[in-house]
A.B. asks: 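This is the structure I want to talk about, given as structure tokens.
Naming convention: chains lettered A, B, ... in sequence-line order (proteins, then strands); numbering from 1 in each chain.
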Amino acid sequence: MPELPEVETIRRDLTASIVKRQIAAVEILSPKTASHSAAFFKRELVGRKIMAVSRRGKLLIITLSSGKDEVVNSEGINYLLIHLKMTGQLIYLDKKNRVAGGHSLNTKVETEKLPNSHTRAYLVMDNGGHLYFNDMRKFGYLKLATKKELDALIEKNYGPEPLTPEFTLETFKKALSRTNLKIKAALLNQKLIAGLGNIYVDEVLWEARIRPERLVPSIRPEELKKLFLAINKIIALAIESRGTTFSNYVDSQGRSGNFSKFLKVYGRGGEKCPKCHNPLQKTKIAGRGTHYCPICQK
DNA sequence: GTGTTTGTTATCAA
DNA sequence: CTTGATAACAAACA
């Protein structure tokens with residue numbers, strides 16, 4: 001389940017591996033995964049350069065040059081947007097590792113067998129590197145977009161972005177000020193706060209000692225502050241650890257994230273709370289598996 | 001065959 | 001009109 005820290009890890013790695021490279025070929029293996037036809041993808045992408053890899057929430061944004069030159073034209077398709085949803089993976093193999101099968105890496109993916117049965121599309125770069133988009137459940141997508149479309153999409157769907165200057169205690173409080181949702185549902189809502197998913201919401205609420213079923217208006221200002229600090233702390237720590245692998249996530253080199261061993265509650269229903277040693281509960285809130293400590297969290 | 005997993009959106013009710 | 005609750009999607013696993 002790639003959330004903000006996992007997508008950020010991939011973004012950073014891809015910045016090193018594909019920025020300033022030219023796209024030599026495009027293959028769309030699963031048409032449903034792509035916003036346009038395979039022919040349109042090839043026509044638009046082949047020959048362009050990757051200018052930047054950025055991110056908004058869980059959305060990966062690849063900025064394209066207008067042609068071979070390092071120019072971003074303001075008209076036409078300027079972006080390749082990639083959303084990994086639940087089981088999406090982006091695996092980059094340079095020419096050497098493709099031939100060697102990636103054996104030198106501590107990899108969870110059998111890179112010598114790429115593309116595999118879950119590969120939905122891939123890009124070939126001018127240096128022989130291949131970027132594979134794998135997605136077992138086919139929820140993820142590749143979308144070509146103009147600047148106008150991207151701006152509208154972000155405006156419509158994404159609230160403040162953690163770890164940026166816009167994410168202050170004030171903007172956090174403001175985002176939550178007009179909702180009566182349960183706090184778990186509110187934190188999962190990308191329009192209120194961008195980037196958190198089921199794992200980090202449970203972790204953040206445990207850290208802030210707040211029960212997931214609490215209604216947002218019932219949360220006191222000092223609790224909101226603890227929650228704000230918990231979001232910043234846990235997201236930063238998870239990025240440092242290159243994300244969490246619970247079932248499916250791997251980084252662009254096919255490796256697991258290291259934050260899994262720091263999870264306090266997610267996936268630990270029935271185990272002891274690390275703080276008070278009473279059993280952790282597992283329930284369903286907002287339609288999602290929810291893990292919390294009934295003693296520590298009020 | 002049944003239930004469970006989740007990011008996001010569609011659908012419906014209030 | 002808005003807000004919120006829930007179903008649906010897809011595919012694999014226990």
A.B. asks: Heavy atoms under 4.0 Å, any strand shown: does A:Lys32 hit a base, just sugar-phosphate, or nothing?
C.D. replies: sugar-phosphate
A.B. asks: Would you kindly give the CG-to-P distance between A:Leu181 and C:dA5, to the nearest whole Å?
C.D. replies: 6 Å
A.B. asks: Rounding to an integer number of Å, can you tell me how far A:Arg56 CZ sits from B:dG7 P?
C.D. replies: 17 Å
A.B. asks: Rounded to whole Å, how long is the line connecting atom CG of A:Leu81 with atom P of B:dG7?
C.D. replies: 19 Å
A.B. asks: Could you check whether any side-chain N or O of A:Gln89 sits under 3.5 Å from a backbone N or O of A:Tyr249, counting only pairs where one atom can act as donor and the other as acceptor?
C.D. replies: no
A.B. asks: Would you please test A:Thr119 and A:Asn134 for side-chain hydrogen bond (donor to acceptor under 3.5 Å, both in side chains) and show each step?
C.D. replies: CA-CA 4 Å; A:Thr119 304; A:Asn134 297 340; 2.7 Å; yes
A.B. asks: At what distance, to the nearest 0.5 angstrom, does CG of A:Leu150 lie from CD of A:Glu155?
C.D. replies: 11.5 Å
A.B. asks: Please confirm whether the shortest side-chain N or O distance from A:Thr87 to OP1 or OP2 of C:dA12 is below 4.0 Å.
C.D. replies: no
A.B. asks: Within the pair A:Lys282 and B:dT5, is there a side-chain N or O less than 4.0 Å away from OP1 or OP2?
C.D. replies: yes
A.B. asks: Using a cut-off of less than 4.0 Å, is there contact between a side-chain N or O of A:Gln190 and OP1 or OP2 of B:dT8?
C.D. replies: yes
A.B. asks: Check each residue of residues 131-142 of chain A for a non-hydrogen atom within less than 4.0 Å of any atom in DNA chain B, then write out the ones that pass by number, or none.
C.D. replies: A:Arg137, A:Phe139
A.B. asks: Among the candidates B:dG7, C:dG4, C:dA12, find the nucleotide nearest to the side-chain atoms of A:Asn180.
C.D. replies: C:dG4
A.B. asks: Could you check how far CG of A:Leu187 sits from P of B:dG7, rounded to whole Å?
C.D. replies: 13 Å
A.B. asks: For A:Glu207 and A:Tyr200, run side-chain hydrogen bond (donor to acceptor under 3.5 Å, both in side chains): C-alpha distance rounded to whole Å, both residues' side-chain angles, the deciding distance at 0.1 Å, then the answer.
C.D. replies: CA-CA 10 Å; A:Glu207 177 74 21; A:Tyr200 294 111; over 6 Å; no
A.B. asks: What is the separation between atom NZ on A:Lys184 and atom P on C:dG4, rounded to the nearest whole Å?
C.D. replies: 18 Å
A.B. asks: Can you tell me if A:Thr290 uses its side chain to pair, donor with acceptor, with the backbone of A:Lys284 under 3.5 Å?
C.D. replies: no
A.B. asks: If the cut-off is 4.0 Å, is A:Lys58 near the phosphate of B:dT8, judged by side-chain N/O to OP1 or OP2?
C.D. replies: yes
A.B. asks: Could you state the CD1-C1' distance from A:Ile199 to B:dG7, rounded to the nearest angstrom?
C.D. replies: 12 Å
A.B. asks: Could you state the CD-C1' distance from A:Glu213 to C:dA5, rounded to the nearest angstrom?
C.D. replies: 16 Å
A.B. asks: So with a 6.0 Å cut-off around NZ of A:Lys272, is the heavy-atom count from everything else above 12?
C.D. replies: no
A.B. asks: Answer yes or no: does a side-chain N or O of A:Lys182 lie under 4.0 Å from OP1 or OP2 of C:dG4?
C.D. replies: no
A.B. asks: Does atom CD of A:Glu222 have more than 12 heavy-atom neighbours from other groups under 6.0 Å away?
C.D. replies: yes
A.B. asks: Could you state the atom-to-atom distance from CZ of A:Arg288 to P of C:dT6 in whole Å?
C.D. replies: 12 Å
